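Report on the structure given below.
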Amino acid sequence: MAAHNLSPAASVDVLEKQPVLGGCLSSYHMDQYTIERYYHHCFPTDAALFSLLEKLGIRDRLEWRSGTTGYYVHGSLYPLTTPREILAYPHLSLLDKVRLAILTLGARKKDIQTLDSITAEDFVVNRYGRNLYESFFEPLLASKFGEMRSTVSAAWLVSRIAIRSHRGVSGEHLGYLKGGFEQLIGALEQSCTAAGCTIHRNEPLTELRKNGEKWVVNGRPYDRVLSTIPPSEVERISGLTMPSIPYQGAACMTLGLEREVTEGIYWVNMKDPAPYGAVVAHTSFVPRDRYGESIIYLGSYFSGKPSAHLEERMLNDFSRRFGAAEADIHWHRLAVDRFAGPIYVAGYQSLIPEYEKNGLYMAGMFSRPNYPERSMEGSIRAGTEAATLLKNGLGS
Ligand SMILES: Cc1cc2nc3c(=O)[nH]c(=O)nc-3n(C[C@H](O)[C@H](O)[C@H](O)COP(=O)(O)OP(=O)(O)OC[C@H]3O[C@@H](n4cnc5c(N)ncnc54)[C@H](O)[C@@H]3O)c2cc1C
């Protein structure tokens, strides 16, 4: 995104350590279709994304669909989309359901700034009761942040609830790009290269240092550098002192299946312990006939390293729990990214770096527009804002 904004004005090189572009938004290229390595959808509030799609001439591919949700508890799958389904859910008392409704309805009006310094656990326990926290929110936080769950800020939780409250009775209004978000990555690549930008795939950043007025990057001199990788990685490679943003990794298995297994529900949160925290049934969201098979994601997050034998454990657990026989599974792949998102600990706002420090520009998942939840929208805005600042300083 930064390169897209800079290429017309400057001579730009992009360094990408992977053979493919897109980072967390990259896709698998199957014979008949492409599919994101990690489940993706967009939200009705993603204005910068929509205007980018417009500029790239692919806005007509944006489609709106309904995303239904459910909870997997004590071996059973409970749909939790409509008010009737929520009322029928047996693992929460009526009082807790009322409290949950109050929290959900009020989420969009809450002041995110003041919630940054409180943990989600304290916020829910103190205002809505321990039972609602333990029986509803803690398993969700655990599946997303694991052992770090009690450090996560109330700002993250509340904004997450707010962003996910654009819903009708049939589900949440979620957007998708016909043909996949690979269309966006491809169109961005095309527009960058057409504007003269050079993209170096398979080239990790290994050297970053100042030499007089210039920066030296992997042996080449540059006037300006804009980094989009985790600040801790920049520090490791360059020795420059960077803000310590805590990150978590994601491990996500994608499976091509003979049949649906989530009773038509798009997003199933696992309350029962499992090697994955959510089952995301892509083809309960986007029509199955586009793929000729069902597509399921098993999503998990980790701190440090993924747990041992994760692929095998995920596959075995999924097959047993959802009754998928060997013949039902056409293929499966595991994607692992150590830096899949910041952990939004209480007080996170004070860690967010400026776009420029000591002549180095930085924009990414850790930037302000990605607070308090990282997204395509946040990184589009961060890349654009940092590039604008860099462009303004080019004459100096
Ligand atoms: C499981 C999951 C689900 C998600 N779902 C959604 C969703 O539904 N909707 C949504 O809006 N967002 C979603 N996101 C977030 C979205 O994918 C990210 O916010 C967005 O892709 C961030 O983009 P980025 O470019 O800032 O960072 P990244 O995607 O992390 O890109 C960083 C790039 O830098 C490269 N790199 C790293 N180190 C080096 C190095 N040393 N040298 C050179 N290159 C390097 C990486 O390979 C990568 O290409 C999801 C993310 C995950 C992990």
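The chain is numbered in sequence order, starting from 1. Model, not experiment: these values are computed from the prediction.
- Checked by atom type and distance alone, the side chain of Thr384 never pairs as donor or acceptor with a backbone atom of Met1 at under 3.5 Å.
- When only modelled atom types and interatomic distance are considered, Tyr222 and Arg224 share no side-chain donor-acceptor pair under 3.5 Å.
- The side-chain heavy atoms of Glu138 and Arg130, taken from C-beta on, include no pair separated by under 4.5 Å.
- In plain terms, the two heavy atoms of Cys42 and Met376 that are nearest each other are CB-CE, 4.1 Å.
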Residues Tyr348, Trp156; criterion ring pair (Phe, Tyr, Trp, His ring centres under 6.0 Å); working and verdict: CA-CA 10 Å; Tyr348 181 90; Trp156 179 81; over 10 Å; no
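- A heavy-atom distance below 4.5 Å is not found between the side chains of Val14 and Thr198.
- Arg65 contributes atom CZ, which lies 4.5 Å from atom CD of Glu63 (distance to the nearest 0.5 angstrom).
- Relative orientation of the Phe50 and Trp64 rings is perpendicular, given thresholds of 30° and 60° on the angle between their planes.
- A salt bridge does not link Glu121 to Arg127: none of the charged nitrogens lies less than 4.0 Å from a carboxylate oxygen.
- A centroid separation of 6.0 Å or more is found between the aromatic rings of Phe181 and His41.
- Nearest heavy atom pair, residue Val20 against residue Ser26, reads CG2-CB, 4.1 Å.
- Taking all atoms of both residues into account, the shortest heavy-atom contact from Pro342 to Arg374 is CD-CG, 4.1 Å.
- Taking a cutoff of 4.0 Å between a charged side-chain nitrogen and a carboxylate oxygen, Arg201 and Glu203 do not qualify as a salt bridge.
- For NZ of Lys210, the number of neighbouring non-hydrogen atoms (other residues, nucleotides, ligands) closer than 6.0 Å is greater than 12.
- Checked by atom type, the side-chain pair Tyr33/Glu182 shows no donor-acceptor distance below 3.5 Å.
- Using a 4.0 Å cut-off between charged side-chain N and carboxylate O, Arg160 and Glu373 make a salt bridge.
- Counting heavy atoms from C-beta outward, Leu132 and Leu92 have side chains that approach closer than 4.5 Å.
- Of the possible polar contacts, one joining the His40 side chain to the Tyr38 backbone as a donor-acceptor pair under 3.5 Å is found.
- For the residue pair Glu293 and Trp331, a side-chain donor N or O sits within less than 3.5 Å of a side-chain acceptor on the partner.
- Not one N or O on the side chain of Arg381 forms a donor-acceptor pair closer than 3.5 Å with the backbone of Gly378.
- Proximity of Tyr71 to Val268: side-chain heavy atoms (C-beta onward) are nowhere separated by under 4.5 Å.
- Under 4.0 Å is where a charged nitrogen must lie from a carboxylate oxygen, and between Glu233 and Lys17 no such pair does.
- Checked by atom type, the side-chain pair Tyr291/His282 shows a donor-acceptor distance below 3.5 Å.
- Ile245 approaches Pro231 most closely through the heavy-atom pair CG1-CG, 4.0 Å.
- Under the 4.5 Å side-chain contact rule for hydrophobic residues, Leu177 and Tyr39 share a cluster.
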Worked check of side-chain hydrogen bond (donor to acceptor under 3.5 Å, both in side chains) between Arg313 and Ser307: CA-CA 10 Å; Arg313 286 175 50 233; Ser307 58; 3.0 Å; yes
From CA spacing to verdict: ring pair (Phe, Tyr, Trp, His ring centres under 6.0 Å), Tyr247, Phe366: CA-CA 9 Å; Tyr247 264 80; Phe366 48 83; 7.2 Å; no
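- Rounding to the nearest 0.5 angstrom, the gap separating the CG atom in Asp96 from the OH atom in Tyr133 is 14.5 Å.
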Candidate pair Lys357 and Glu235, rule salt bridge (charged side-chain N to carboxylate O under 4.0 Å, His left out), full reasoning: CA-CA 13 Å; Lys357 198 181 167 206; Glu235 182 167 312; over 6 Å; no
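- Sparse packing is recorded around CZ of Arg84, with 12 or fewer heavy atoms of other residues, nucleotides or ligands lying under 6.0 Å away.
- The structure places NE2 of His309 at 14.5 Å from CG of Leu315, a figure rounded to the nearest 0.5 Å.
- Scanning both residues, Gly179 and Thr34, for their nearest heavy atoms gives O-OG1, 3.2 Å.
- Ser191 and His4 share a donor-acceptor pair across their side chains, judged by distance under 3.5 Å alone.
- Within the 4.5 Å cutoff, side-chain heavy atoms of Glu311 are placed close to those of His332.
- At a cut-off of 3.5 Å, with distance as the only test, no side-chain donor of Arg333 or Thr254 sits close to an acceptor on the other residue.
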Check against side-chain contact (heavy atoms from CB on, under 4.5 Å), Leu208 and Val234: CA-CA 8 Å; Leu208 171 65; Val234 175; 3.9 Å; yes
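- Between Tyr355 and Ala386, the shortest heavy-atom distance links the atoms CD2-CB, 3.7 Å.
- Using modelled atom types and a 3.5 Å distance limit, the side chains of Glu16 and His200 yield no donor-acceptor pair.
- In summary, the side chains of Ser294 and Arg259 do not present any donor paired with an acceptor at a separation below 3.5 Å, with no hydrogens or angles considered.
- Using modelled atom types, no side-chain atom of Asp337 and backbone atom of Gly249 make a donor-acceptor pair closer than 3.5 Å.
- Interatomic distance, OG1 of Thr262 versus CG of Leu77, reported as 7.0 Å (0.5 Å rounding).
- In this structure a side-chain-to-backbone donor-acceptor pair under 3.5 Å is missing from Thr283 to Val286.
- Residues Val158 and Tyr371 are members of one and the same hydrophobic cluster, defined by side-chain heavy-atom contacts under 4.5 angstrom among Ile, Leu, Val, Met, Phe, Trp and Tyr.
- Without hydrogens or angle criteria, Tyr72 side chain to Val279 main chain gives no donor-acceptor distance under 3.5 Å.
- Ring-plane geometry between Tyr266 and Phe285 is classed as parallel, the angle between the planes falling under 30 degrees on a 0 to 90 degree scale with a further cut at 60.
- Proximity of Met314 to Ser300: side-chain heavy atoms (C-beta onward) are separated by under 4.5 Å at one or more points.
- The backbone N or O of Asp122 lies less than 3.5 Å from a partner atom in the side chain of Asn126, making a donor-acceptor pair.
- Formation of a donor-acceptor pair under 3.5 Å by the Asp116 side chain with backbone atoms of Ser153 is not found in this model.
- Side chain of Asn5 to main chain of Gly383: no donor-acceptor pair is present (N/O by atom type, distance under 3.5 Å, no hydrogens or angles).
- Remark: the backbone N or O of Glu207 is paired with a side-chain donor or acceptor of Asn218 at under 3.5 angstrom.
- Residues Ile112 and Pro372 meet the side-chain proximity criterion, which asks for heavy atoms closer than 4.5 Å.
- Glu377 CD to Asn370 CG: the interatomic distance, rounded to the nearest 0.5 Å, is 9.5 Å.
- By the neighbour-count criterion of 12 heavy atoms within 6.0 Å, atom CD of Gln190 is sparsely surrounded, having that number or fewer from other residues, nucleotides or ligands.
- Between Phe137 and Tyr128, the gap from one ring centroid to the other reaches at least 6.0 Å.
- Neither Val73 nor Phe322 shares a network with the other; the hydrophobic side chains, linked directly or stepwise wherever heavy atoms of I, L, V, M, F, W or Y lie under 4.5 Å apart, form separate groups for each.
- In summary, of the residues considered (Lys271, Glu263, His91), a side-chain hydrogen bond (donor to acceptor under 3.5 Å, both in side chains) with Tyr78 occurs for His91 alone.
- Proximity of Ser319 to Ile329: side-chain heavy atoms (C-beta onward) are separated by under 4.5 Å at one or more points.
- Lys214 NZ to Asn211 CG: the interatomic distance, rounded to the nearest 0.5 Å, is 10.0 Å.
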